[in-house]
Amino acid sequence: MRTLIKNGRIITAADNYVADVLIENEKVIAIGFQLDVTADKIIDATGKLLMPGGIDPHVHLDMPFMGTYSSDNYETGTRAALYGGTTTVIDFILQKQGNSLQSALEEWKGRSDNNCVGDYSFHMAVTDFNDNTKNEIKHFIEEEGITSFKTFMAYKGALMVDDRQMIGLMQEVKKHGGLINVHATNGDMIDYLIAKHKAEGKMAPLYHYLSQPEITEAEASGRFADMASYTGCPGYIVHLTCEGALNAVRNATRRNQKLFVETCIQYLILDASLYENNFEGAKWVMSPPLREKKDQETLWAGLNQGLVQVVATDHCPFMWEQKLMGKDDFSKIPNGHPAIENRMELLFSEGVNKGKITLNKYVEVTSTNAAKIFGMFPKKGTIAIGSDADIVIFDPEEKHTLSAASHHMNVDYSGYEGWEVKGKVKTVLLRGKVAIDNNQCFVDKGYGQFIKRNKVSQTI
Ligand code: URP
Ligand code: ZN
Ligand code: ZN
């Protein structure tokens, strides 16, 4: 089966030109101006942009968390991702303290195997680093293709590791060519502030925000950077939100260490005023919380300065009923918000259309950089001969409105209800197959493949 996409404007992290793309056996096999070839299927992309399928390296699907499970499973979550132009996601496995990494992988496979519509991979979250865990790292990197290890410096008593464990893990991961990603906030300070607010009877979602001030993130980001520099391990800070934390990275990288930063779409376009509307604010209870306008400006600048390399989502949806678990106590509101379907269109509309980032930067931060940092480039993350034919055909002019009534995520509210967006995902090809066209999905669960990733030392 050969597919020819004609006359699209190809945008990669480096290029911007009009050409035809020929696809066979899941791969791009030729790119050229007015290709003179035969094909079984021809797609006319005149006036449209062709961009590499989005990669969202930070999602939580069907994840046990805070006494419940995130509401998108692997089928609904990866399908919603495809509708939004994201063809590959990286989800998080959580080690149970006291258990092995392998047993966590088996548990996660039980929920994900044969259930994904789009392509996927896993990070392994190490919550209990000990001699047994240490012995499993090499196997994960070399055999399982899971080359990134997540640590939490917060969620004390549940997921948090201390600095001793962090250093030990970094040394082992570095030795085998992997990378550490981190939720960098100071768990002890946050724990103290949560207890203080609750003792004072301050139970509304606003106090979730006030329990995680900027300093908790700035301090932990700097500490993580120092430990990564000391051990020489490549590091990646997930969901960075604020000026203080980015300045800690700015200072750290003067040492020329490999330190990467992800922010998420919500931190670029939403702010903490949303916590002022009583329990409605629970929709945006996430960790770290939304910040201030000045932090949004810092993050947009950070993208253009190359200090922030990735825009992800931290997609971790919960039904409103689940959010109500914390109606009398903000610390019981399951943390997270839905965005897997909205990221690409929102960033295009708010970033490219408003002149904050270029088209090339857009591709870099939604796809190419994640592919490189997480060992999937050039299979994923670009449109090039030999790469997977993961291609988004995008109409930069079409306007539409985001709403829970029309989204495909399994969650009964939208964090962006009523947002007017300019730019729409029209057609999505995943490994050469038309997965989405004209608001319809043409692939079933099981089509999504697990992507074994390379050692990061091969791509960064
Ligand atoms: O609020 C969040 N971010 N929920 C998901 C877990 C995490 O910290 O990434
Ligand atoms: Zn986190
Ligand atoms: Zn997360």
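As the structure lists them, so they are numbered: ligands from 1, and atoms in each ligand from 1. Computed from heavy atoms alone, side chains included, the values below leave out hydrogens, waters and symmetry copies. What you see is a predicted model, and the numbers here were worked out from it, not measured in a lab.
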Practice item. Could you walk me through whether Phe122 and Tyr120 pass the ring-ring contact (aromatic ring centres under 6.0 Å, His included) test, one step at a time? Key: CA-CA 7 Å; Phe122 290 128; Tyr120 68 108; 5.7 Å; yes
**Study point:** NE2 (His60) to the Zn ion (ligand 3) to NE2 (His58) angle, given to the nearest 10 degrees
**Key:** 110°
Exercise for review: Please name all residues satisfying side chain to side chain donor-acceptor pair (under 3.5 Å) with Asn247, sequence neighbours left out, ordered by chain then number.
Suggested key: Arg250
Exercise for review: May I ask you to say whether Asp271 pairs ionically with Arg291, meaning some side-chain N is under 4.0 Å from a carboxylate O?
Suggested key: no
Practice item. Taking atom CD of Glu321 as the centre, report whether more than 12 heavy atoms of other residues, nucleotides or ligands fall under 6.0 Å from it. Key: no
Review point. Any ion pair linking Asp390 and Arg431 (charged N to carboxylate O, less than 4.0 Å)?
Key: no
Review point. Any Lys/Arg nitrogen of Glu243 or Lys294 sitting under 4.0 Å from an Asp/Glu carboxylate oxygen of the other?
Key: yes
Review point. Is the shortest heavy-atom distance from the side chain of Phe279 to the side chain of Pro205 under 4.5 Å?
Key: yes
Point to revise | Residue Asp163 excluded, over 12 heavy atoms near CG under 6.0 Å | key: yes
Exercise for review: Could you pull out every protein residue that has a heavy atom closer than 4.0 Å to ligand 1, ordered by chain and then number?
Suggested key: His58, His60, Phe65, Tyr155, His183, His239, Met286, Ser287, Asp314, Cys316, Asn335, Gly336
Exercise for review: Please list, in chain and residue-number order, the protein N/O/S atoms closer than 2.8 Å to the Zn ion (ligand 2).
Suggested key: His183 ND1, His239 NE2
Check your understanding: Is it true that Glu172 and Lys138 make a salt bridge, defined as a side-chain N closer than 4.0 Å to a carboxylate O?
Key -> no
Point to revise | Asn335: side chain to side chain donor-acceptor pair (under 3.5 Å) partners, not counting sequence neighbours | key: Ser287
